[in-house]
Amino acid sequence: MRILVTGGAGFLGSHLCDRLLGEGHEVICLDNFFTGRKSNIAHLLGRPDFELVRHDIIDPFKCEVDQIYNLACPASPPHYQFNAIKTVKTSVMGAINSLGLAKRIRARILQASTSEVYGDPAVHPQTEGYWGNVNPIGIRSCYDEGKRVAETLFMDYHRQNGVDIRIVRIFNTYGPRMHPNDGRVVSNFIVQALKGDDITIYGDGTQTRSFCFVDDLLEAMTRTMNQSGTIGPVNIGNPDEFTMLELAELTIRLTGSRSKITHRPLPGDDPKQRRPDITVAKTYLDGWTPSIPLEEGLRRTIAYFKTQI
Ligand code: NAD
Ligand code: UDP
């Protein structure tokens, strides 16, 4: 197949390009390089089955492909809050442009949605049937509400125009090629530990997240795209849940660092807990279940960051 990956130069997108090429597909990678990096895809340039297009998805684009993975959107809170209005445009206009293309060329299209659609969840663990607890006017809203409207657009293009859609809700995913200054917790803690800087825990560190290694995520994402049992939404993540204090202590142990833990103010609307219910994924994705525990995934991610610092 020929496959379009928007946001293909980012953390997840570049691994997805590698994977699709490895399966024998042709890949068109579209990116505006806001948070993505050429170094993530440098090894692919020059391949006859790989094409790089610098383009901003808030503007329409045309190409002939069989499938579209729509990943273009900054994902870390500091990056998506840097230009909040642009984040909304990327999610909403990017979805409209990608869906318009899918409709015209009859391509199957997958949306990289997020656990943020559940906001600060009152239901735990989160099932796809839960509608969420999202502040519409807070500092995370540009991302959360943008992604919620994108899901609405996907469902409406499906109902109204018969577009062949898939929606995955991605829970915190980490691994090699995260940007060292990304601002997300796993990359922050590893970089701080390797440099011997203080580990910055926001708030008291009792808030929880469930961390999925990138390889497990991509396996589930590509399986969702290529099955016909459900259009989604499908939660994808690793249900093992950790407090940020536990993550900090584990990172210090695995890096052998002498860094000390320090506390900073908790940012507004920071979700207190997050853990995916992955029953739907297990049911429709041929028994998929995450296979890489946090300690193993962190070891691999630490090895990557050692080459970067
Ligand atoms: P990332 O920031 O590394 O990648 C995003 C990519 O999109 C970058 O290459 C960036 O340059 C590109 N981009 C941003 N705005 C664009 C625009 N207007 N036009 C074209 N390209 C644009 O983040 P990531 O972690 O790889 O996330 C990829 C997708 O997965 C995002 O849609 C994100 O919301 C979603 N997601 C990720 C996670 C996670 O934990 N990594 C969790 C939930 C959802
Ligand atoms: N966090 C932290 N220290 C950091 C960066 C983040 O304690 O240096 C916390 C953050 O407040 C949140 C959790 O770690 O509670 C996960 O943050 P991240 O930005 O990785 O993802 P998200 O909040 O979007 O799940």
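First listed ligand is number 1; within each ligand, the first listed atom is number 1. A quick note: this is a predicted structure, and the numbers were derived from the prediction, not measured.
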Heavy-atom contacts with [X] under 4.0 Å: which atoms of ligand 1 show up? List them by number with element.
| X | value |
| --- | --- |
| N172 | 40 (O) |
| G7 | 6 (C), 7 (O), 9 (O), 12 (C) |
| A9 | 9 (O) |

Check [Y] with [X], please: is the shortest side-chain N to carboxylate O separation under 4.0 Å?
| X | Y | result |
| --- | --- | --- |
| D49 | R47 | yes |
| E116 | R169 | no |
| K272 | D120 | yes |
| R299 | E295 | yes |
| E151 | K147 | no |

Within-cut-off N or O pair, [X] and ligand 1, under 3.5 Å:
| X | answer |
| --- | --- |
| S113 | no |
| T90 | yes |
| Y143 | yes |
| A72 | no |
| L30 | no |
| K86 | no |
| G10 | yes |
| T114 | no |
| P74 | no |
| F11 | yes |

Below 4.0 angstrom from a heavy atom of [X], which ligand 2 atoms are there? Numbered from 1 as shown, please.
| X | result |
| --- | --- |
| E116 | 24 (O) |
| I201 | 7 (O) |
| M244 | 13 (C), 14 (O) |
| Q207 | 9 (C), 11 (O), 15 (O) |
| P77 | 19 (O), 24 (O) |
| T200 | 2 (C), 3 (N), 4 (C), 7 (O), 8 (O) |
| G183 | 5 (C) |

Closer than 4.0 angstrom: is that true for some heavy atom of [X] and an atom of ligand 1?
| X | result |
| --- | --- |
| H55 | yes |
| K147 | yes |
| M178 | no |

Can you run down the side chain to side chain donor-acceptor pair (under 3.5 Å) pairs that involve residues 80-90, sequence neighbours left out, and say none if there aren't any?
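Output for this query lists D56-K86.
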Proximity of [X] to ligand 2 by residue part, where a heavy atom lies under 4.0 Å:
| X | value |
| --- | --- |
| N188 | side chain |
| R274 | side chain |
| D270 | side chain |
| R140 | side chain |

Heavy-atom proximity to [atom], best of [options]:
| atom | options | result |
| --- | --- | --- |
| atom 29 (C) of ligand 1 | T87, N97, L71, D182 | L71 |
| atom 18 (N) of ligand 1 | N83, I41, D56 | D56 |
| atom 7 (O) of ligand 1 | S14, G36, C73 | C73 |

Side chain [X], main chain [Y], donor-acceptor under 3.5 Å:
| X | Y | answer |
| --- | --- | --- |
| Q160 | Y157 | no |
| R209 | P271 | yes |
| S91 | V88 | no |
| N226 | T222 | yes |
| Q126 | R275 | yes |

Heavy-atom pair of closest approach, residues G237 and W288
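Closest approach of G237 to W288: O-CH2, 3.5 Å.
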Taking all non-hydrogen atoms of both residues into account, name the closest pair between E241 and T208 and its distance.
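Closest approach of E241 to T208, heavy atoms only: OE2-OG1, 2.6 Å.
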Is it the case that [X] and [Y] place a side-chain donor and acceptor less than 3.5 Å from each other?
| X | Y | answer |
| --- | --- | --- |
| D31 | H55 | no |
| N135 | R140 | no |
| N238 | S210 | no |
| D198 | S259 | no |
| Q192 | T200 | yes |

How does R184 reach ligand 1, if at all, at less than 4.0 Å between non-hydrogen atoms: by side chain, backbone, both, or neither?
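Answer for R184: side chain.
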Does any N or O of ligand 2 fall below 3.5 Å from an N or O anywhere on V185, backbone included?
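Checking ligand 2 against V185, an N or O pair does fall under 3.5 Å apart.
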N172, any N or O under 3.5 Å of ligand 2 N or O
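N/O-N/O distance below 3.5 Å exists for this pair.
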Parallel, tilted or perpendicular: which describes the rings of Y118 and Y130, with under 30° parallel and over 60° perpendicular?
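Aromatic pair Y118/Y130 classed parallel.
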What's the shortest distance from atom 1 (N) of ligand 2 to any protein heavy atom, and which residue and atom give it?
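Going by distance alone, atom 1 (N) of ligand 2 is nearest to Y202 CD1, 3.4 Å.
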Taking atom 2 (O) of ligand 1 as the reference point, the nearest protein heavy atom with its distance
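Here the nearest protein heavy atom works out to T35 OG1, 2.6 Å.
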